[in-house]
Amino acid sequence: MKGRSSSVERKVSVRWILILCIFSFCMGMLFTNRFWTLPDFNNQIISQRRNEQELKTKQAGDKDIMGEVTRTHEAIQSLDKSISTLQMELAAKRSSEELSSDSSIKNNSPAIKQSKKKKKAFVVIGINTAFSSRKRRDSIRETWMPQGEKLVQLEEQKGIVVRFMIGHSATSNSILDKAINSEDSQHHDFLRLDHVEGYHELSAKTKTFFCTAVDIWDAYFYVKVDDDIHVNLGTLATTLARHKSKPRTYIGCMKSGPVLSNKNVKYHEPEYWKFGENGNKYFRHATGQIYAISKDLATYISINQPILHKYANEDVSLGAWFIGLEVDHIDERNMCCGTPPDCEWKSQAGNVCVASFDWSCSGICKSVERIKEVHARCGEGESASWSSLL
């Protein structure tokens, strides 16, 4: 009897132990799910906030990186321009020393060192004019070109130099030269060039202008303008200032017109065969009414002017001189607006034009009679030149 009861007790206790284990496991799972849900939720909130903070930190870091990249790019551009300018100045110095040395050898005399200090300027603007264009010059003086003391102040205070550029006649001290001398003594706004005037010599005149201007002024930009277009000087200066840090800049309304082989047309190209088959177009170049080049390019022309080829059209010649160089061609359409209503609409919309003219006339048609109207409707105002940020 004792043996049987002990085996029953053993069976009962094992069964209850198993039941108690299962019950304990279920109770443990129940209590675990109930009491640990809140900490998991808190951990999720903490994790989410931590991720948001990390994202904000990363975004701020990305902005700092982009700002640093922008500053680095600007610094590289500025350094590139400085190096380009120094290279051009060094080449110009070597070229002038060689010319001085050659001259002294020919004359059997020692070279005379002359240290000529150049005038500082932001931009030098040369207005191409002719002996017969007195009325055009007066119309410009009465509209967009300051006169007298204002012209001097514009140069001294803003660094904007404006001159009518003209050479001399084939006959020494002719009546034409005397007329220009008399006009210059009255207005003091001419730049005299060592060049014989002639319509078919515009390429040579342009080259001589840049060489002369670089020799007198140390400027950021040099601009050639025709005497039958309207120019807003303040807008021109502001436009150029945007490209001040860039090296080797060539700014204007870029075009690519047809190469004209017909001798009976106005812009006939005698060397048309150099541009390929009939019907071909010129390479991209700035239209001749107005364009600007940076100091290093003007210095390049000055150094290499004896070997720079001259085509029949002056704007094509300038484009040809730069075609094989690392030059930044900037197509600035604001430099070739039409006359009213085109430039007037743009001015009313807040986009004041740098220059205005009629494409059909390659300038303002009947400019002497119409330039006052263009100035009244498309001019920027007298204060614009003085308030321009250079």
Side-chain angles (χ1 to χ4, degrees), residues 119-129 136-165 186-191 213 217-245 249 251-253 289-292 294 330 332-358 363-364 367-390:
K119 302 175 184 178
K120 292 286 186 180
F122 174 72
V123 58
V124 177
I125 303 168
I127 306 172
N128 182 36
T129 191
R136 285 186 178 182
R137 292 191 291 273
D138 286 341
S139 68
I140 288 177
R141 293 182 180 117
E142 293 170 2
T143 52
W144 60 265
M145 180 179 179
Q147 286 298 290
E149 190 63 28
K150 289 184 178 180
L151 186 65
V152 177
Q153 291 175 355
L154 187 66
E155 180 176 339
E156 293 177 349
Q157 297 178 20
K158 302 300 293 186
I160 301 175
V161 180
V162 189
R163 297 286 189 276
F164 289 106
M165 59 166 174
Q186 179 183 356
H187 296 283
H188 306 287
D189 55 6
F190 277 93
L191 174 63
W217 290 281
D218 179 14
Y220 286 94
F221 294 98
Y222 300 85
V223 179
K224 178 262 177 182
V225 176
D226 284 344
D227 64 358
D228 57 351
I229 73 170
H230 180 268
V231 177
N232 284 316
L233 292 176
T235 307
L236 171 62
T238 302
T239 300
L240 296 178
R242 294 201 300 265
H243 308 289
K244 184 178 177 181
S245 63
T249 49
I251 309 170
C253 285
Q289 288 84 354
I290 178 173
Y291 49 74
S294 56
I330 299 174
E332 182 57 67
R333 307 312 296 180
N334 230 20
M335 294 175 74
C336 54
C337 296
T339 54
D342 180 50
C343 59
E344 185 177 21
W345 290 341
K346 291 177 180 177
S347 179
Q348 291 172 352
N351 186 24
V352 179
C353 293
V354 172
S356 303
F357 54 88
D358 298 309
I364 298 175
S367 64
V368 175
E369 293 82 8
R370 294 184 57 227
I371 196 168
K372 286 185 178 180
E373 176 203 353
V374 176
H375 184 67
R377 298 172 64 178
C378 301
E380 62 190 353
E382 292 185 6
S383 61
S385 299
W386 305 99
S387 60
S388 56
L389 298 176
L390 309 181

C343/C337 sulfur atoms closer than 2.5 Å:
no
Angle between ring planes, F221 versus F122, binned at 30° and 60°: parallel, tilted or perpendicular?
perpendicular
Parallel, tilted or perpendicular: which describes the rings of F190 and F164, with under 30° parallel and over 60° perpendicular?
tilted
Between [X] and [Y] (side chain of the first, backbone of the second, donor and acceptor by atom type, cut-off under 3.5 Å), is there such a pair?
X: N232; Y: C378; answer: yes
X: N334; Y: V352; answer: yes
X: S139; Y: V368; answer: no

Using side-chain hydrogen bond (donor to acceptor under 3.5 Å, both in side chains) as the criterion, point out the one residue from H230, Q348, E344 that pairs with R377.
E344
Measure the shortest side-chain to side-chain distance between [X] and [Y] over non-hydrogen atoms and say whether it is less than 4.5 angstrom.
X: R163; Y: E155; value: yes
X: S385; Y: E380; value: yes
X: L240; Y: Y220; value: no
X: K224; Y: M165; value: yes
X: E332; Y: C253; value: no
X: L154; Y: L233; value: yes
X: H187; Y: M145; value: no
X: T235; Y: T239; value: yes

Using the rule given for salt bridge (Lys or Arg N to Asp or Glu O under 4.0 Å), can you reason through R137 versus D189, listing the C-alpha separation, both sets of side-chain angles and the distance that settles it, and then say yes or no?
CA-CA 10 Å; R137 292 191 291 273; D189 55 6; over 6 Å; no
If you count heavy atoms of other groups shown closer than 6.0 angstrom to CD of E382, is the number above 12?
no
Step through the shown structure and confirm whether more than 12 heavy atoms of other residues, nucleotides or ligands are within 6.0 Å of NZ on K346.
yes
Heavy-atom closest contact (V374 atom, S356 atom, distance):
CG1-CB, 4.4 Å
Quick one: pull up [atom1] in [X] and [atom2] in [Y] and give me the separation to the nearest 0.5 Å.
X: R141; Y: L151; atom1: CZ; atom2: CG; result: 10.0 Å
X: R136; Y: S367; atom1: CZ; atom2: OG; result: 4.5 Å
X: I364; Y: Q289; atom1: CD1; atom2: CD; result: 10.5 Å
X: T249; Y: I330; atom1: OG1; atom2: CD1; result: 5.5 Å
X: I251; Y: Y291; atom1: CD1; atom2: OH; result: 13.5 Å
X: C353; Y: W345; atom1: SG; atom2: CH2; result: 12.5 Å

Compute whether any side-chain donor of one residue and acceptor of the other, for T129 and D227, lie under 3.5 angstrom apart.
yes
Determine, step by step, whether V231 and I127 satisfy the side-chain contact (heavy atoms from CB on, under 4.5 Å) criterion, reporting the C-alpha distance in whole Å, the side-chain angles of both residues, the deciding distance to 0.1 Å, and the verdict.
CA-CA 11 Å; V231 177; I127 306 172; over 6 Å; no
Mind running side-chain contact (heavy atoms from CB on, under 4.5 Å) on W217 and L191 for me, showing each step along the way?
CA-CA 12 Å; W217 290 281; L191 174 63; 4.2 Å; yes
